[in-house]
Amino acid sequence: MWTFVGAGAKRFEESRRNMADVMASRVDWIKAAVAEFRPEKNCVVTQDGKTISYDYLVVALGIQLDFGKVKGLAEAVGKNCVSSNYCPDTVEMTWKYLQDLKGGNAIFTFPNTPIKCAGAPQKIMYLADDLLRKKGIRKDVDISYYSALPVIFGAKKYAATLGEVAKRKGINLNFRNHLVEVKADSKEAIFENLDTKESKTVKYDFMHVTPPMSPPDVVKGSPLSDCGGWVDVDKETLQHKKYSNVFGIGDCTNVPTSKTAAAVAGQAGVLRKNLLAYMKGLAMTGKYDGYTSCPLPTGFGKLVLAEFDFDAEPLETFPVDQGKERRAFYVMKKDMMPFLYWNMLLKGRWSGPKPLRTLAHLGMNKR
């Protein structure tokens with residue numbers, strides 16, 4: 001939703017609730033962060049020093065934003081015409097800066113790390129293009145996308161459409177380039193080419209930054225992590241590879257799929273099924289297929305609904321070509337998915353669209 005907040009199409013207040021209002025009534029809510037995992041002793045230690053024992057553990061810590069890994073970025077973001085839709089403190093500045101922009105260079109970045117919602121860095125770029133056209137100043141603004149990736153999108157089917165969108169909108173694409181420094185005083189961004197290691201300095205009048213991201217510090221180096229710092233689980237069962245009574249879900253794990261809320265939904269049903277089976281001493285039959293989704297607005301009233309699996313192959317819900325820009329998908333993303341999130345996903349009533357996919361394709365094999 002923060003893409004729409006940054007583009008002025010949603011209010012920030014619509015994107016948040018008090019934690020107490022969404023907490024399940026039967027949950028014993030411990031209001032303290034985890035500071036240490038001790039899986040050999042089946043316990044965790046909280047930041048206030050309390051030791052909490054468990055019989056089963058589900059790790060769902062998400063991913064952390066590392067603004068400090070880019071020189072000068074932490075000091076610049078939220079001011080100096082630098083914004084980020086990934087942070088609640090700066091998302092509204094995106095809208096302000098786009099309103100204030102009169103001309104010059106607008107830059108959008110994608111870092112050299114895994115991130116959550118990998119389509120978000122370009123979603124806001126397409127909406128910004130529309131905004132500037134509505135203001136009548138698009139011809140005065142040069143829009144550039146600097147991405148550490150070698151392609152515009154990981155799933156080829158949707159990459160083809162997005163490449164055409166960028167071409168149609170006159171957006172400059174710069175791949176294998178990642179942001180290494182922001183010089184706020186002079187409004188300069190320094191990028192490093194990942195192949196040649198050459199540096200390039202670019203002047204900006206507005207810059208939307210996607211910060212580097214990483215596993216939460218409490219996971220890195222813990223007994224639960226792999227060599228990259230992610231919770232080390234089986235990609236299909238979501239059970240930890242070493243500690244059988246530990247499971248992981250979402251962005252903090254090393255499950256090789258795009259880190260999205262849709263992936264969490266797809267994993268939730270599998271985790272619930274396997275955890276209950278494990279607790280009863282039964283075989284775990286739930287298997288996650290890598291399903292993830294990235295709804296990509298390509299303008300106001302247009303959206304490409306990317307859905308794919310572990311192999312970045314399409315795993316589409318609807319019996320139409322979801323690689324085409326459609327208004328219906330835009331309305332679904334903007335107005336229906338927030339309801340789905342607050343009223344179904346958070347309450348454990350939504351485990352992804354697989355039943356809908358089966359129904360929409362008349363029971364034919366769409367996994």
Side-chain angles (χ1 to χ4, degrees), residues 1-12 15 63-132 135 137-138 140-149 152 166 169 171-194 199-214 297:
M1 185 186 290
W2 282 354
T3 290
F4 291 118
V5 173
K10 287 279 188 179
R11 293 179 298 107
F12 178 69
S15 72
I63 195 170
Q64 73 180 24
L65 308 181
D66 293 325
F67 284 99
K69 288 188 176 179
V70 176
K71 185 178 179 180
L73 177 57
E75 297 78 17
V77 69
K79 45 188 179 293
N80 306 109
C81 297
V82 179
S83 72
S84 178
N85 287 351
Y86 278 90
C87 181
D89 298 329
T90 62
V91 60
E92 292 178 291
M93 297 307 296
T94 301
W95 173 235
K96 179 185 184 304
Y97 292 148
L98 286 173
Q99 286 181 300
D100 293 343
L101 187 63
K102 300 296 189 293
N105 293 328
I107 296 174
F108 299 80
T109 75
F110 189 114
N112 188 29
T113 66
I115 66 170
K116 56 182 174 181
C117 194
Q122 58 185 294
K123 293 178 187 180
I124 185 60
M125 178 173 66
Y126 301 137
L127 295 180
D129 170 85
D130 261 18
L131 286 168
L132 296 174
K135 290 173 62 177
I137 63 168
R138 178 63 178 90
D140 301 317
V141 180
D142 186 74
I143 297 180
S144 297
Y145 184 51
Y146 285 85
S147 171
L149 300 178
I152 196 168
K169 290 176 173 289
I171 294 171
N172 305 308
L173 302 178
N174 303 272
F175 298 122
R176 300 293 289 162
N177 282 272
H178 76 122
L179 182 67
V180 294
E181 184 177 354
V182 177
K183 294 183 176 180
D185 290 342
S186 57
K187 289 189 177 181
E188 292 178 315
I190 300 176
F191 294 90
E192 180 187 55
N193 185 291
L194 291 167
S199 295
K200 178 181 180 180
T201 300
V202 182
K203 285 276 191 179
Y204 67 83
D205 295 276
F206 164 74
M207 181 163 61
H208 177 273
V209 176
T210 301
M213 302 181 199
S214 67

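We count residues from 1, following the sequence as given.
- In this structure, the separation between CG on N174 and OG on S144 is 5.5 Å, given to the nearest 0.5 Å.
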Below 3.5 Å, can you tabulate the donor-acceptor pairs from side chains in residues 86-94 to any protein atom, sequence neighbours excluded?
residue, atom, partner, partner atom, Å
Y86, OH, K116, O, 2.9
Y86, OH, C117, O, 2.8
T90, OG1, S84, O, 2.7
T90, OG1, C87, O, 3.4
T94, OG1, S83, OG, 2.8
T94, OG1, N85, OD1, 2.8
T94, OG1, V91, O, 3.4

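- Between the K200 side chain and the N193 main chain, no donor and acceptor come within less than 3.5 Å of each other.
- Residues S199 and I190 come closest through the heavy atom pair CB-CG2, 4.3 Å.
- Residues K102 and D140 are not paired through a salt bridge, judged by the lack of any N-O separation under 4.0 Å between the basic side chain and the carboxylate.
- Remark: the backbone N or O of G72 is not paired with any side-chain donor or acceptor of E181 at under 3.5 angstrom.
- Under 4.0 Å is where a charged nitrogen must lie from a carboxylate oxygen, and between K169 and D130 at least one such pair does.
- Scanning both residues, N80 and E75, for their nearest heavy atoms gives OD1-O, 4.2 Å.
- No more than 12 heavy atoms of other residues, nucleotides or ligands sit less than 6.0 Å from atom NZ of K183.
- The heavy-atom pair separating A7 from L127 by the smallest distance is CB-CD1, 3.7 Å.
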Pair Y126-Y145, ring-ring contact (aromatic ring centres under 6.0 Å, His included): steps then yes or no | CA-CA 11 Å; Y126 301 137; Y145 184 51; 8.0 Å; no
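- Inter-residue side-chain proximity for K203 and S186 is flagged as met; some heavy-atom pair is nearer than 4.5 Å.
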Worked check of side-chain hydrogen bond (donor to acceptor under 3.5 Å, both in side chains) between Q64 and S214 = CA-CA 6 Å; Q64 73 180 24; S214 67; 3.3 Å; yes
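- To the nearest 0.5 Å, atoms NZ (K187) and CZ (F206) are separated by 11.0 Å.
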For Y146 and L179, run side-chain contact (heavy atoms from CB on, under 4.5 Å): C-alpha distance rounded to whole Å, both residues' side-chain angles, the deciding distance at 0.1 Å, then the answer.
-> CA-CA 8 Å; Y146 285 85; L179 182 67; over 6 Å; no
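- Taking CD of Q122 as the start and CG of L173 as the end, the distance is 8.5 Å to the nearest 0.5 Å.
- The backbone N or O of K79 sits less than 3.5 Å from a side-chain atom of Y97, completing a donor-acceptor pair.
- Residue E188 comes nearest to Y204 through the heavy atom pair N-CE2, 3.3 Å, listed as atom of the first residue, atom of the second, then distance.
- Residue H178 holds its NE2 atom at 5.5 Å from CG of N112, rounded to the nearest 0.5 Å.
- Nearest heavy atom pair, residue F110 against residue A118, reads CE1-O, 3.3 Å.
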Stepwise side-chain contact (heavy atoms from CB on, under 4.5 Å) test for C81 and M207 = CA-CA 6 Å; C81 297; M207 181 163 61; over 6 Å; no
Walk me through it: do W95 and V5 pass the test side-chain contact (heavy atoms from CB on, under 4.5 Å)?
-> CA-CA 7 Å; W95 173 235; V5 173; over 6 Å; no
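- Here the straight-line distance linking atom CG of L73 with atom NZ of K71 works out to 13.0 Å at 0.5 Å rounding.
- Scanning all heavy atoms of the two residues, the minimum distance from T210 to I115 falls at CG2-CD1, 3.9 Å.
- Distance CG/D129 to CZ/F108: 9.0 Å, rounded to 0.5 Å.
- A 6.0 Å sphere centred on CG of D100 holds more than 12 heavy atoms belonging to other residues, nucleotides or ligands.
- A 4.5 Å side-chain heavy-atom check between V202 and I107 finds at least one atom pair inside the cut-off.
- Looking at N105, its side chain never comes within 3.5 Å of a backbone N or O of D205 through a donor-acceptor pair.
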Any chance you could lay out the side-chain contact (heavy atoms from CB on, under 4.5 Å) test for I143 and R138, step after step, and finish with the verdict?
-> CA-CA 9 Å; I143 297 180; R138 178 63 178 90; 3.5 Å; yes
